[in-house]
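Just so it is clear, the values below take in all heavy atoms, side chains as well, and ignore hydrogens, waters and symmetry mates. None of these values were measured; they are calculated from a predicted model. Both ligands and their constituent atoms are indexed starting at 1 by order of listing.
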Amino acid sequence: MATVNLSDYRPLKISNADDFTIGIVVSEWNGFVTNNLRDAALEILEKEGVNSKNITVHAVPGAFELCFASMQLCKSKKYDAVIAIGCVIRGETPHFEFVCSAVAQGIKDCNILTDIPAIFCVLTDDKKEHSIARSGGDLGNKGVEAAVTALHMIDFKRKLTK
Ligand SMILES: Nc1c(NC[C@H](O)[C@H](O)[C@H](O)CO)[nH]c(=O)[nH]c1=O
Ligand SMILES: CC(=O)[C@@H](O)COP(=O)(O)O
């Protein structure tokens with residue numbers, strides 16, 4: 001049983017977040033989870049000073065489609081960071097393994113093949129209850145973690161190019 005609250009969030013007070021541009025891709029599969037992840041990420045981004053007009057949210061059918069959509073957003077050069085949000089819940093067949101592996105590799109590829117940080121906010125859970133606990137339940141909300149990570153990575157990259 002996990003004991004760490006994934007959302008032990010303390011304000012980052014990043015000074016120049018008002019001009020950060022962020023693309024968010026949300027898969028519609030398990031929307032009862034992914035919408036909560038999305039909303040938590042949006043809340044943190046705006047709390048940290050990102051202008052809502054600089055945040056764009058795109059929907060795709062399933063987690064597998066996060067690969068294509070995230071790469072397109074990264075290649076567009078319109079965003080300082082991209083957050084990929086999904087929830088894959090194990091079924092009866094090995095399909096779960098293939099989807100999870102493909103999505104992890106696909107989002108990794110966005111980071112390696114483009115110079116845009118792509119954040120992996122995809123729950124890969126054996127049970128629905130695990131996903132619920134991590135999207136606003138007892139174990140916090142992975143969307144918080146993803147938003148914080150995106151801000152850190154934008155800040156990291158900007159410091160490199162100073
Ligand atoms: N079982 C889940 C899926 N499966 C669908 C795939 O992601 C993909 O849309 C399909 O294979 C067509 O390419 N997607 C999730 O996001 N979550 C699941 O639990
Ligand atoms: C992870 C999935 O794609 C899942 O919906 C597949 O379910 P099943 O393995 O029972 O077909």
Side-chain angles (χ1 to χ4, degrees), residues 1-9 20-47 50 52 54-154:
M1 171 70 174
T3 55
V4 176
N5 184 324
L6 302 174
S7 309
D8 189 11
Y9 162 69
F20 288 5
T21 56
I22 295 177
I24 301 176
V25 193
V26 189
S27 64
E28 292 169 335
W29 258 83
N30 299 317
F32 67 99
V33 170
T34 60
N35 290 338
N36 287 348
L37 298 171
R38 174 203 62 200
D39 293 348
L42 288 170
E43 183 181 346
I44 296 302
L45 292 175
E46 290 174 21
K47 258 185 191 167
V50 178
S52 58
N54 293 336
I55 303 171
T56 308
V57 181
H58 304 265
V60 293
F64 189 85
E65 284 70 43
L66 292 172
C67 303
F68 175 80
S70 299
M71 183 63 84
Q72 292 301 304
L73 295 192
C74 288
K75 286 181 176 176
S76 75
K77 298 292 184 191
K78 292 179 183 175
Y79 306 102
D80 293 309
V82 171
I83 301 174
I85 294 177
C87 175
V88 191
I89 300 174
R90 186 182 297 276
E92 294 175 345
T93 72
H95 195 241
F96 170 85
E97 315 295 344
F98 291 96
V99 171
C100 293
S101 175
V103 178
Q105 293 305 315
I107 303 308
K108 179 266 293 177
D109 287 348
C110 292
N111 286 276
I112 304 304
L113 300 177
T114 76
D115 65 350
I116 303 299
I119 311 308
F120 183 76
C121 184
V122 181
L123 301 187
T124 54
D125 298 321
D126 287 321
K127 297 176 183 175
K128 181 172 70 170
E129 293 73 16
H130 293 171
S131 303
I132 292 168
R134 290 160 174 79
S135 55
D138 295 346
L139 295 180
N141 193 312
K142 274 270 191 182
V144 171
E145 187 179 322
V148 168
T149 302
L151 295 169
H152 277 307
M153 292 310 291
I154 296 170

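In summary, of the residues considered (Ile119, Val103, Val82, Ile83), a side-chain contact (heavy atoms from CB on, under 4.5 Å) with Ser70 occurs for Val82 alone.
Of all protein heavy atoms, the one closest to atom 15 (C) of ligand 1 is Trp29 CB, 3.3 Å. Of the protein's non-hydrogen atoms, Phe64 CB, 4.0 Å is the one closest to atom 6 (C) of ligand 1. The protein non-hydrogen atom at the shortest distance from atom 19 (O) of ligand 1 is Ile89 N, 3.0 Å. Looking from atom 16 (O) of ligand 1 to the surrounding protein, the closest heavy atom is Ala63 N, 2.8 Å. For atom 10 (C) of ligand 1, the closest non-hydrogen atom of the protein is Glu65 OE2, 4.2 Å.
By the criterion of a heavy-atom distance under 4.0 Å, neither the backbone nor the side chain of Pro61 is placed next to ligand 1.
In summary, the side chains of Asn54 and Thr21 do not present any donor paired with an acceptor at a separation below 3.5 Å, with no hydrogens or angles considered.
Between the side chain of Thr114 and the main chain of Lys75, no donor-acceptor pair closer than 3.5 Å is present. Within the 3.5 Å criterion, the main-chain N or O of Asn141 finds no donor-acceptor partner in the side chain of Asn36. Not one N or O on the side chain of Thr34 forms a donor-acceptor pair closer than 3.5 Å with the backbone of Val26. In this structure a side-chain-to-backbone donor-acceptor pair under 3.5 Å is present from Asn111 to Ala118. Between the side chain of Gln105 and the main chain of Ala102, no donor-acceptor pair closer than 3.5 Å is present.
Heavy-atom contacts of Asn30 reach the following atoms of ligand 1: 17 (N), 18 (C), 19 (O) (cutoff under 4.0 Å). Every atom of ligand 1 is numbered from 1 in the order shown, and the set under 4.0 Å from a heavy atom of Val88 is 17 (N), 18 (C), 19 (O). Counting atoms of ligand 1 from 1 in the listed order, those under 4.0 Å from a heavy atom of Cys87 are 15 (C), 16 (O), 17 (N), 18 (C), 19 (O). Contact atoms of ligand 1 toward Gly62: 7 (O), 9 (O), 16 (O) (distance under 4.0 Å to a heavy atom of the residue).
In this structure, ligand 2 sits under 4.0 Å from heavy atoms belonging to Trp29, Val88, Ile89, Gly91, Glu92, Thr93, His95, Phe96.
Between Glu97 atom CD and Arg90 atom CZ the span is 4.0 Å, to the nearest 0.5 Å. How far NE2 of His130 is from CG of Leu123: 11.5 Å, rounded to the nearest 0.5 Å. Atoms NZ and CZ, from Lys142 and Phe120 in turn, are 8.5 Å apart once rounded to the nearest 0.5 Å.
Under the salt bridge (Lys or Arg N to Asp or Glu O under 4.0 Å) criterion, Glu129 pairs with no residue at all, not counting sequence neighbours.
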